[in-house]
Amino acid sequence: MNQPPTSEKVRRHDEGTGKLAAILLSPTMLVLGLVVLFPIISALRESLYQPGGVDPETGFVTEGDTFVGLDNYTAIFTGDTADRFWNAFYNTTFFTVTCVVLETILGVAMALVMHKAFRGRAVVRASILVPWAIPTVVSALLWKWIFQADGAANAIIGRQVLWSTEGWQSVASVIIADTWKTAPFIGLLVLAGLQTIPNEVYEAAKVDGASVFQQFRMITLPLVKPALLVAVLFRMLDTLRIFDLPFVLVGPHKDSVETLSMLAYDEAFNTRYGPAAAYATVLFIYVAVVAFAFVKLLGADVIGDAAVRKPKKKKKGDSAPPGVGAAGLGGLTAGGGV
């Protein structure tokens, strides 16, 4: 029997796939670099400079940007604007926690209602999803009209409340409007998770005498947890960057509803681009830390079950007996033994 020459290379079945994958992914990576990486690097660079103007120490006018290092960051935490920053930081965190909790409760309730089979379910689903389809600015204008002095809100409660002024009423108006707008988003993702649960699981639970609450706690919540965690994570990241809703509904320069995004916008609007970039960078780090902590602590699967995991190394003695493959061992284990 003739042996092949030793100098001839044996081609693997996956040879060349790495280069092909790199070629196919290069346009996507180029776009991501332009729309994500480049703005981040530009913002970091801009946060280290101060725009030109009158120097308060010398009185001379300087042209162009001046490199100030970390002075913009130190001014955020310890400078004259520190109180304004911490107020915006508190408002951002408060809105995130309050709105996400309310939206999660209402979203799960909406998903349970939309999942039930009843006449007119399609109409109910469409009506629940309408607020999510409305643009945020349009939604803010709608609620601004509702919260006017002679609007529907005061007519319902029978009191004259100035919802757009400083105080608890402006905070409540933003929470109500944001919850109405985005609770259907959580409901939609949870509904997708509910539809993957087989009905046989609930039928078996009913046979065992489980109550409705026990079915919800022991079956529904654990099985929709992946979809629910991803929905909550997306809403947290979105609410941390909240800007347009309080800006349109209540207005700028309101201490009760000013957020970090509004603070960065105000600095940029007044051509203080260095401090504005510093505020944006701090917000970016805040969002990244919250996302990382949420994924690590609660295990939100933002990548999906298709993520490739490295197989564990086999220990000596873990090999299957002769004549029994991995599938055979799985069958014995699933069947409870021989």
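- In the hydrophobic cluster analysis, where Ile, Leu, Val, Met, Phe, Trp and Tyr join through side-chain heavy atoms closer than 4.5 angstrom, V250 is grouped together with F95.
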Step by step, work out the side chain to side chain contact (heavy atoms under 4.5 Å, CB included) result for L189 and R235.
CA-CA 11 Å; L189 293 187; R235 281 302 308 136; over 6 Å; no
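- Here the side chains of L142 and V138 are not in contact, with every heavy-atom distance at 4.5 Å or above.
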I134 vs W180, side chain to side chain contact (heavy atoms under 4.5 Å, CB included): CA-CA, chis, key distance, verdict:
CA-CA 11 Å; I134 298 176; W180 177 84; 3.9 Å; yes
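- Put simply, I186 and V101 are part of two different groups of oily side chains (I, L, V, M, F, W, Y) that touch within less than 4.5 Å, one to the next.
- Put simply, the side chain of W143 does not reach to within 4.5 Å of the side chain of V174, judged on heavy atoms.
- The two residues L194 and H115 make their nearest non-hydrogen contact at O-CE1, 3.6 Å.
- We find the OG-CD1 distance between S261 and I242 to be 8.5 Å, quoted to the nearest 0.5 Å.
- Using a 4.5 Å cut-off between side-chain heavy atoms of Ile, Leu, Val, Met, Phe, Trp and Tyr, with links allowed through other members, L245 and V130 fall into the same hydrophobic cluster.
- When every heavy atom of I219 is checked against every heavy atom of P222, the shortest pair comes out as O-CD, 3.4 Å.
- The neighbour count for F243 CZ, taken as heavy atoms of other residues, nucleotides or ligands under 6.0 Å away, is above 12.
- Within the model, atoms OG1 of T92 and CZ of F85 stand 9.0 Å from one another, a figure rounded to the nearest 0.5 Å.
- Taking CD1 of I176 as the reference point, atom CZ of F147 lies at 4.5 Å (rounded to 0.5 Å).
- Although no hydrogens or angles enter the test, the distance criterion places a donor-acceptor pair under 3.5 Å between the side chain of Q215 and the main chain of A210.
- Between T96 and M236, the shortest heavy-atom distance links the atoms CG2-O, 4.0 Å.
- A heavy-atom distance below 4.5 Å is found between the side chains of S173 and L249.
- T93 contributes a side-chain N or O that, together with a main-chain N or O of F89, makes up a donor-acceptor pair within less than 3.5 Å.
- Between the side chain of D244 and the backbone N or O of V137, no donor-acceptor pair lies under 3.5 Å.
- Using modelled atom types, one finds no donor on one side chain facing an acceptor on the other under 3.5 Å when comparing S42 with E46.
- Atom CG of residue L102 and atom CG of residue L106 lie 6.5 Å apart, to the nearest 0.5 angstrom.
- Linking ILVMFWY side-chain heavy atoms closer than 4.5 Å, directly or via other members, places L223 and V212 in two distinct hydrophobic clusters.
- With rounding to the nearest 0.5 angstrom, the CD atom of Q169 is 10.0 Å from the CZ atom of R159.
- The two atoms that bring K254 and S164 nearest to each other are NZ-O, 2.8 Å, heavy atoms only.
- Both Y73 and L283 are part of a single hydrophobic cluster, where members link through side-chain heavy atoms under 4.5 Å apart.
- The main-chain N or O of Q214 is found under 3.5 Å from a side-chain atom of S211 such that the two form a donor-acceptor pair.
- Between F77 and W86, the ring-plane angle classifies as tilted under the 30° and 60° cut-offs.
- When each of I175, V257, T259 is checked for a side-chain contact (heavy atoms from CB on, under 4.5 Å) with F94, only I175 meets the rule.
- Under the 3.5 Å distance criterion, the side-chain polar atoms of N154 are matched with a main-chain donor or acceptor of A149.
- Taking the six-membered ring where tryptophan is involved, the planes of Y265 and F247 are perpendicular, since the angle between them exceeds 60° and thus also 30°.
- Between K181 and D178 there is no salt bridge, since no side-chain nitrogen of the basic residue lies less than 4.0 Å from a carboxylate oxygen of the acidic one.
- Under a 3.5 Å cut-off, the side chain of E258 and the backbone N or O of L263 do not form any donor-acceptor pair.
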Take V232 and L228 through the side chain to side chain contact (heavy atoms under 4.5 Å, CB included) test and state the conclusion after the steps.
CA-CA 6 Å; V232 172; L228 181 60; 4.2 Å; yes
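- Heavy-atom minimum distance, S47 versus N72: O-ND2, 2.7 Å.
- Of the possible polar contacts, one joining the R125 side chain to the M114 backbone as a donor-acceptor pair under 3.5 Å is found.
- The OH atom of Y279 sits 9.0 Å away from the CG atom of L260 when rounded to the nearest 0.5 Å.
- Pairing each heavy atom of A276 with each of A268, the nearest pair is CB-N, 3.5 Å.
- Between L233 and L229, every side-chain heavy-atom pair lies at or beyond the 4.5 Å cut-off.
- Put simply, the side chain of F185 does not reach to within 4.5 Å of the side chain of D238, judged on heavy atoms.
- Between N87 and D83, every side-chain heavy-atom pair lies at or beyond the 4.5 Å cut-off.
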